[in-house]
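Notes follow once the structure below has been shown.
Numbers here simply count residues along the sequence, with the first being 1.
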Amino acid sequence: MIIANNVSKHFGKLKALNNVSVNCTRGECIALIGPNGSGKTTFIKCILGMVVPDSGFITFNGKNILHDWQYRKNIGYMPQIGRYPDNMTIGQVFNMMKDIRRDAGNQPLDESLLAEFGLPQLLNKRMRTLSGGTRQKVSASLAFLFNPDILILDEPTAGLDPVSAEKLKEKIIHEKSKGKLILITSHILSELDELITQIIYLQEGQLVFHKKLDELKQDTGEQKLSRAIAAVMKK
């Protein structure tokens, strides 16, 4: 579904990505992890078309994304920090996005998270008045709204209360069961154990490994992701 072929990106003297190659397929929930500065955000931006690699390329369903920008309508993106016009209400933000995404055609909207998070009761609240957690709820609801084939979730539970975080995790598991591809970044590895099927680990812009979770656990003899990652890094 998404294939990165020897993707490299430099920002001045900084080598953000160095010949990264991965193959991400349908029905997988993949954790994109690594220390700060490892290249995770740059890689996500390359997939989204926000950053153009210096070398290598990325394909979506066999087509080079550089020549086929319409692939982005198949992606739902939840940024780590959602930035919205301060004076707009929640309802206006959703209406704006629906207007922008008219190309979604007859695809039914998925407003389940909107309801789960109780946002219909807050539609008249202006974005500048919202807490960080409520902004996260808006971002999550927008990511799933257009029934995308691919979901890219950057620190999705950051700022969410425990109940809302569980609702979001249940939604992620449900969407994975429908055959969607989900990429998640998170520094809280304990939250990923029940969600993911594969791990992509980046360090200093290089791909350290891309493995199935079961394979990683078998290789390390550890059952928790955090311990398994620690065991790999010690080697």
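Within a 6.0 Å sphere centred on NZ of Lys167, heavy atoms belonging to other residues, nucleotides or ligands number more than 12. Gln218 CD: 12 or fewer foreign heavy atoms inside a 6.0 Å radius.
Ala16 meets the side-chain contact (heavy atoms from CB on, under 4.5 Å) test with Phe11, Thr42; sequence neighbours excluded. Partners of Tyr201 under the ring pair (Phe, Tyr, Trp, His ring centres under 6.0 Å) rule, at least two apart in sequence or in another chain, are Phe209. Residues meeting the side-chain hydrogen bond (donor to acceptor under 3.5 Å, both in side chains) test with Ser21, sequence neighbours left out: Asn6. For Asp86, there are no side-chain hydrogen bond (donor to acceptor under 3.5 Å, both in side chains) partners two or more places apart in sequence or in a different chain. For Ile152, the side-chain contact (heavy atoms from CB on, under 4.5 Å) criterion is met by Ile44, Ile47, Leu48, Ile75, Tyr77, Ile150, Leu183, not counting sequence neighbours. Every residue two or more places apart in sequence or in another chain was checked for a side-chain contact (heavy atoms from CB on, under 4.5 Å) with Ala115, and none qualifies. In this structure Asp161 satisfies the side-chain hydrogen bond (donor to acceptor under 3.5 Å, both in side chains) test together with Ser164, sequence neighbours excluded. With sequence neighbours excluded, the residues forming a side-chain contact (heavy atoms from CB on, under 4.5 Å) with Asp54 are Lys9, His10, listed by chain and number. Remark: Lys178 pairs with Glu175 by the salt bridge (Lys or Arg N to Asp or Glu O under 4.0 Å) rule, at least two apart or across chains.
In this structure, CD in Gln136 is found 10.0 Å from OG in Ser131, a value given to the nearest 0.5 Å. In this structure, the separation between CZ on Phe117 and CG on Leu168 is 5.0 Å, given to the nearest 0.5 Å. How far OG of Ser141 is from CG of Leu119: 4.5 Å, rounded to the nearest 0.5 Å. Rounded to the nearest 0.5 angstrom, Ile173 CD1 and Glu170 CD are separated by 7.0 Å.
When atom types are taken as modelled, the side chain of Glu155 and the backbone of His187 share a donor-acceptor pair closer than 3.5 angstrom. Counting only distance, with no hydrogens or angles, the side chain of Lys180 and the backbone of Pro148 share a donor-acceptor pair below 3.5 Å. Side-chain atoms of Asn18 do not come within 3.5 Å of backbone N or O of Gly205 as any donor-acceptor pair. A donor-acceptor distance shorter than 3.5 angstrom exists from the side chain of Lys40 to the backbone of Gly34, with no hydrogens or angles considered.
No side-chain heavy atom of Asn61 sits under 4.5 Å from any side-chain heavy atom of Tyr71. Counting heavy atoms from C-beta on, the side chains of Phe146 and Lys73 never come closer than 4.5 Å. Inter-residue side-chain proximity for Ile200 and Val20 is flagged as unmet; no heavy-atom pair is nearer than 4.5 Å. Taking 4.5 Å as the limit, every side-chain heavy atom of Leu145 sits out of range of all side-chain heavy atoms of Leu113. When side chains are defined from C-beta on, Ile182 does not count as touching Leu195, because their heavy atoms never get closer than 4.5 Å. Looking only at side-chain heavy atoms (C-beta outward), Arg128 and Asn87 come within less than 4.5 Å of each other. Contact check for Met1 versus Asp149: side-chain heavy atoms found under the 4.5 Å cut-off. The side-chain heavy atoms of Phe94 and Val138, taken from C-beta on, include a pair separated by under 4.5 Å.
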Can Leu123 and Thr89 be said to form a side-chain contact (heavy atoms from CB on, under 4.5 Å), step by step?
CA-CA 6 Å; Leu123 293 180; Thr89 65; over 6 Å; no
With side-chain contact (heavy atoms from CB on, under 4.5 Å) as the test, would you mind laying out the steps for Leu151 and Ile184 before giving the verdict?
CA-CA 8 Å; Leu151 289 151; Ile184 303 179; over 6 Å; no
The test is side-chain contact (heavy atoms from CB on, under 4.5 Å); show your working for Val22 and Phe43 and say whether it passes.
CA-CA 11 Å; Val22 294; Phe43 186 60; 3.6 Å; yes
Run the side-chain contact (heavy atoms from CB on, under 4.5 Å) check on Leu213 and Thr197 step by step: do they pass?
CA-CA 5 Å; Leu213 178 58; Thr197 56; 5.8 Å; no
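In this model, no donor atom of one side chain and acceptor atom of the other lie less than 3.5 Å apart for Thr157 and Lys169.
Placement of Ile30 and Leu225 in two distinct hydrophobic clusters is found when ILVMFWY residues are connected by side-chain heavy-atom separations under 4.5 Å, directly or transitively. Under a hydrophobic clustering in which Ile, Leu, Val, Met, Phe, Trp and Tyr are joined whenever their side-chain heavy atoms come within less than 4.5 Å, directly or via other members, Ile33 and Ile188 fall into different clusters. Placement of Met78 and Met96 within a single hydrophobic cluster is found when ILVMFWY residues are connected by side-chain heavy-atom separations under 4.5 Å, directly or transitively. One hydrophobic cluster, built from ILVMFWY side chains closer than 4.5 Å, cannot hold both Met233 and Leu202; they sit in different ones.
Applying the under-4.5 Å side-chain rule to Ile, Leu, Val, Met, Phe, Trp and Tyr, the cluster around Val52 extends to Leu66.
Residues in residues 201-218 take part in these salt bridge (Lys or Arg N to Asp or Glu O under 4.0 Å) pairs, two or more places apart or across chains: Lys211-Asp219. Pairs passing the side chain to side chain donor-acceptor pair (under 3.5 Å) check and including a residue from residues 116-126, sequence neighbours excluded, do not occur.
Taking the charged nitrogens against the carboxylate oxygens, Lys176 and Glu194 have no contact shorter than 4.0 Å, which rules out a salt bridge.
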